[in-house]
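Have a look at the structure below, then the notes.
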There are 2 protein chains.
Amino acid sequence: MKLSKKSDYALRAMIYLSMNYQKGAVQIKEISAKERIPQKFLENILLTLRKVGILNSKMGLKGGYALARSPDLITLGDVIRALDGTIAPVDCVSQMSYRKCSEEITCAIRGVMLDVRNAVTEVLDAMTFADMCKRTKELIENSALTYSI
Amino acid sequence: MKLSKKSDYALRAMIYLSMNYQKGAVQIKEISAKERIPQKFLENILLTLRKVGILNSKMGLKGGYALARSPDLITLGDVIRALDGTIAPVDCVSQMSYRKCSEEITCAIRGVMLDVRNAVTEVLDAMTFADMCKRTKELIENSALTYSI
DNA sequence: ACAAACTCTATCGTACTACTAGACATTTAC
DNA sequence: GTAAATGTCTAGTAGTACGATAGAGTTTGT
């Protein structure tokens, strides 16, 4: 039931990009330094997010990454699914990678896991990066610390 | 976000033991055969559940395992925590294995993951093995198949 | 005594996770 | 048009966790 480091980093990077949404392309190096994420690892993550259409990139000098759409149109669920593949606790209740389990008809566990998946996705698919920005800003104000996720 | 095979097997074994609650000790061999769980693997699982007080065991001839208390007093959460150690998606929101994350004060991700953990535990801690028995029996009646999870 | 059961420790192979290396392609600035 | 700064891509690697197994020990009923 654990969030992978990959998804964790992805969420942090996405929040960073959301906080800088109007500033145009942001370089990997900057995100990597500010969020303390291994740069090469982050490259792969951002590349994945670009391939699924969550990010846009610009190559060459002055290049970088930016959100492909407004932060209020991207949810945490979108990002986690892109990286971890699925959110469901067992494949037989997964939308992403559904696989019939052998005794589906009489499997009471399936029913509960369906409830779990729905509970989780309700949280993650309702939470946008616009929300995350708002929360982050509130946290900064309340703690009076400089911004560093 | 995946339920481990270990927990999956544990849940199946626990349902089996719950369905046979009044029959006294049930042998590993029987559970292993009926639920198609590798016997040696199941041994470890049941041993763990005994150590945390969910199961009682009886050694020697005519020995076996039985629930340590009534099925309506054991939840799925109890079992999953015993085996997977924690339910929380990140350690900084875990009751079981809490670890402060470096930027706790300004970490908006933490807030969401707390919501996720609460959503999951609400489902798993509310669901008892008495409920699971009821559900299983309903599923059997509706499908008119012999009982095999 | 002996067989049938649980107990315990150790191990093993595989897959996955977290991360790194390095060559390549593209763009801007001069 | 060349150099420098960026993203792109394909491999790879070390460590760890997961799923499963082995085997020797302990307890109990008959």
Side-chain angles (χ1 to χ4, degrees), chain A residues 1-13 17 23-33 35-68 80 82-86 89-91 97, chain B residues 1-13 17 20 23-33 35-68 80 82-86 89-91 97 101:
Chain A
M1 297 297 227
K2 206 152 155 53
L3 187 74
S4 70
K5 211 82 183 152
K6 211 171 188 172
S7 284
D8 183 39
Y9 288 158
L11 295 182
R12 289 169 196 281
L17 286 169
K23 295 186 191 167
V26 177
Q27 283 116 43
I28 294 175
K29 202 165 52 172
E30 178 181 337
I31 305 172
S32 158
E35 298 295 334
R36 298 210 199 83
I37 302 170
Q39 181 168 339
K40 275 295 192 179
F41 199 21
L42 184 57
E43 281 180 21
N44 288 320
I45 292 167
L46 298 184
L47 211 46
T48 305
L49 291 175
R50 196 207 52 138
K51 281 178 183 164
V52 299
I54 290 174
L55 295 179
N56 282 331
S57 66
K58 197 184 158 210
M59 282 182 87
L61 198 58
K62 306 258 174 184
Y65 280 95
L67 301 189
I80 295 175
L83 288 153
D84 284 356
T86 182
V90 290
D91 286 343
S97 52
Chain B
M1 300 294 223
K2 206 151 154 52
L3 187 74
S4 69
K5 211 81 183 154
K6 213 169 186 172
S7 284
D8 182 40
Y9 288 158
L11 295 182
R12 290 170 196 281
L17 286 168
N20 293 279
K23 295 186 192 170
V26 178
Q27 284 116 45
I28 295 175
K29 200 165 54 171
E30 179 181 335
I31 305 171
S32 157
E35 299 295 335
R36 296 207 201 86
I37 301 170
Q39 181 168 340
K40 276 296 194 177
F41 199 20
L42 184 58
E43 280 180 21
N44 289 320
I45 293 167
L46 298 184
L47 210 45
T48 304
L49 291 174
R50 194 208 52 140
K51 281 177 182 165
V52 298
I54 291 173
L55 295 180
N56 282 331
S57 66
K58 199 184 158 208
M59 283 183 85
L61 198 59
K62 307 258 175 180
Y65 281 95
L67 301 188
I80 294 175
L83 289 152
D84 285 355
T86 183
V90 290
D91 285 343
S97 53
C101 67

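Here the structure is a predicted model, which is why all the values come from computation and not from measurement. A, B, ... follow the sequence lines: proteins, then strands. Residue 1 opens every chain.
- Counting all heavy atoms, side chain and backbone alike, B/A82 lies closest to B/V52 at CB-CG2, 3.9 Å.
- Side chain of A/S32 to main chain of A/I37: a donor-acceptor pair is present (N/O by atom type, distance under 3.5 Å, no hydrogens or angles).
- Contact check for A/L55 versus A/L67: side-chain heavy atoms found under the 4.5 Å cut-off.
- More than 12 heavy-atom neighbours from other residues, nucleotides or ligands sit within 6.0 angstrom of NZ on A/K2.
- To the nearest angstrom, C1' of C/dA18 lies 12 Å from CG of A/D84.
- Following rounding to the nearest Å, B/F41 (CZ) and D/dC18 (P) show an atom-to-atom distance of 9 Å.
- Among the atoms of the strands shown, none is found under 4.0 Å from any heavy atom of B/L46.
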Using nucleotides 8-14 of chain C, report all nitrogen or oxygen pairs with the protein that are shorter than 3.5 Å.
| residue | atom | partner | partner atom | Å |
| --- | --- | --- | --- | --- |
| C/dC8 | OP2 | B/R50 | NH2 | 3.4 |

Atom pairs under 3.5 Å: protein N/O with N/O of nucleotides 27-30 of chain C:
| residue | atom | partner | partner atom | Å |
| --- | --- | --- | --- | --- |
| C/dT27 | O2 | A/L61 | N | 3.2 |

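- Residue A/S57 places at least one side-chain N or O under 4.0 Å from the OP1 or OP2 atom of D/dT8.
- Taking atom CG on A/L83 and atom C1' on C/dT17, their separation rounds to 13 Å, with Å as the unit.
- B/Q27 places no side-chain N or O within donor-acceptor distance of the main-chain N or O of B/K62, the cut-off being under 3.5 Å.
- How far CD of A/E35 is from CG of A/L11: 11.0 Å, rounded to the nearest 0.5 Å.
- Following rounding to the nearest Å, A/K2 (NZ) and C/dC16 (C1') show an atom-to-atom distance of 15 Å.
- Taking atom CD1 of A/I45 as the reference point, atom P of C/dT17 lies 12 Å away to the nearest angstrom.
- Side-chain nitrogen and oxygen atoms of A/K29 include at least one within less than 4.0 Å of the OP1 or OP2 phosphate oxygen of D/dT6.
- By the 4.5 Å heavy-atom criterion applied to side chains, B/L49 and B/L83 are counted as neighbours.
- Rounded to whole Å, the distance from CG on B/L3 to P on D/dA17 is 18 Å.
- Residues B/A68 and B/G53 come closest through the heavy atom pair CB-O, 3.3 Å.
- Rounding to whole angstrom units, CG of residue B/N56 and P of C/dC6 are separated by 13 Å.
- Between the CD atom of B/E30 and the P atom of C/dA4 there is a distance of 16 Å, given to the nearest Å.
- Within the structure, a side-chain polar atom (N or O) of A/Y9 is placed less than 4.0 Å from OP1 or OP2 of C/dC19.
- In this structure the side chain of B/D8 reaches within 4.5 angstrom of the side chain of B/R12, judged on heavy atoms.
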